[in-house]
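What follows is a single structure, written as structure tokens, with notes after it.
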Amino acid sequence: MPGWTIACDFDGTVSVGDVTDLLLERYGRPGWEELETAWQHGEIGSRACMAGQIALLDMSPAQLDAAIDRIRIDPDFPAFVRAALGAGVPVTIVSDGLDLAIRRILARHDLGMLPIVANRLEPAGPRRYRLEFPHSNPGCHAASGTCKCDHVARERVNHPHVLLIGDGTSDFCAAGSVDFVFAKSRLIQRCREQGLPHLPIRGFADALVALPALLVGELAGASATSPLLSGHSLHARN
Ligand SMILES: [Mg+2]
Ligand SMILES: [Zn+2]
């Protein structure tokens with residue numbers, strides 16, 4: 001059935017771990033943890049947090065490439081993308097992370113064709129970087145770098161149904177404006193609290209199983225208690 005499109009988070013959803021955190025842990029100058037704490041306490045948005053943190057990176061372009069090349073992805077993501085594209089469902093990476101890292105990681109897995117909506121990492125010196133925000137939205141309460149609800153609103157022009165796949169805070173603003181969510185970790189609790197139609201997943205192996213049911217309309221509105229998926233281990237997680 002036509003009409004669906006997928007907005008897919010990257011960090012913690014496609015990638016194992018958060019790219020920015022992995023870079024900062026090894027190459028961040030002092031101060032990045034304070035920014036992280038301020039963001040966690042809601043004192044600043046992720047946009048201000050990440051702009052400050054990226055400015056604290058101290059690494060050469062070669063070190064950046066090498067660090068990115070050590071980042072692993074969910075092993076079932078490439079199969080999921082092939083299944084979605086094969087069913088005529090476009091997949092867009094919509095991320096509050098670093099476009100350069102996402103592009104390099106996807107290319108390594110022959111997924112360089114996926115469109116990426118993310119923050120732009122720019123060189124600012126031999127060992128310095130700055131982050132730019134071509135997809136931010138001052139009107140969104142989330143104060144993120146990439147506003148995912150804004151992206152979803154634009155996708156609706158061409159696609160009546162939007163599936164969000166994500167795991168965390170950067171997905172919260174979009175979760176309320178899509179038709180269905182495949183949710184990991186913190187996003188599961190958020191969807192439950194807000195009463196949003198969603199399916200808890202552990203990774204893309206689960207997403208791959210659930211996608212055909214979603215596309216034929218057997219999942220939307222049924223949420224995680226669908227008899228369709230009973231007996232499947234999706235129910236095992238809390
Ligand atoms: Mg994430
Ligand atoms: Zn938003």
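Order of appearance sets the numbers: ligands from 1, and atoms from 1 within every ligand. Quick caveat: nothing in here was measured; it's all calculated off a predicted structure.
Of all heavy-atom pairs between Phe10 and Val19, the closest is CE2-CG2, 4.1 Å.
The Zn ion (ligand 2) has Cys149 among its coordinating residues (N/O/S atom, backbone or side chain, under 2.8 Å). For a distance bound of 2.8 Å, the N, O or S atoms of Asp167 include one lying that close to the Mg ion (ligand 1). Here Asp11 meets the criterion, with an N, O or S atom under 2.8 Å of the Mg ion (ligand 1). Asp9 lies close to the Mg ion (ligand 1), since one of its N, O or S atoms is found at a distance under 2.8 Å.
At a threshold of 4.5 Å between non-hydrogen side-chain atoms, the residues Leu24 and Leu57 count as touching.
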- Query: What do the steps show when you test Asp96 against Ser144 for side-chain hydrogen bond (donor to acceptor under 3.5 Å, both in side chains), and what is the final call?
  - Reply: CA-CA 7 Å; Asp96 203 12; Ser144 52; 4.5 Å; no
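To the nearest 10 degrees, the angle centred on the Zn ion (ligand 2) between SG in Cys173 and SG in Cys147 reads 130°.
With Thr146 as reference, His135 is the one residue of His135, Met50, His151 to meet the side chain to side chain contact (heavy atoms under 4.5 Å, CB included) rule.
Salt bridge annotation for Arg128-Asp58: present, with a cationic side-chain nitrogen under 4.0 angstrom from a carboxylate oxygen.
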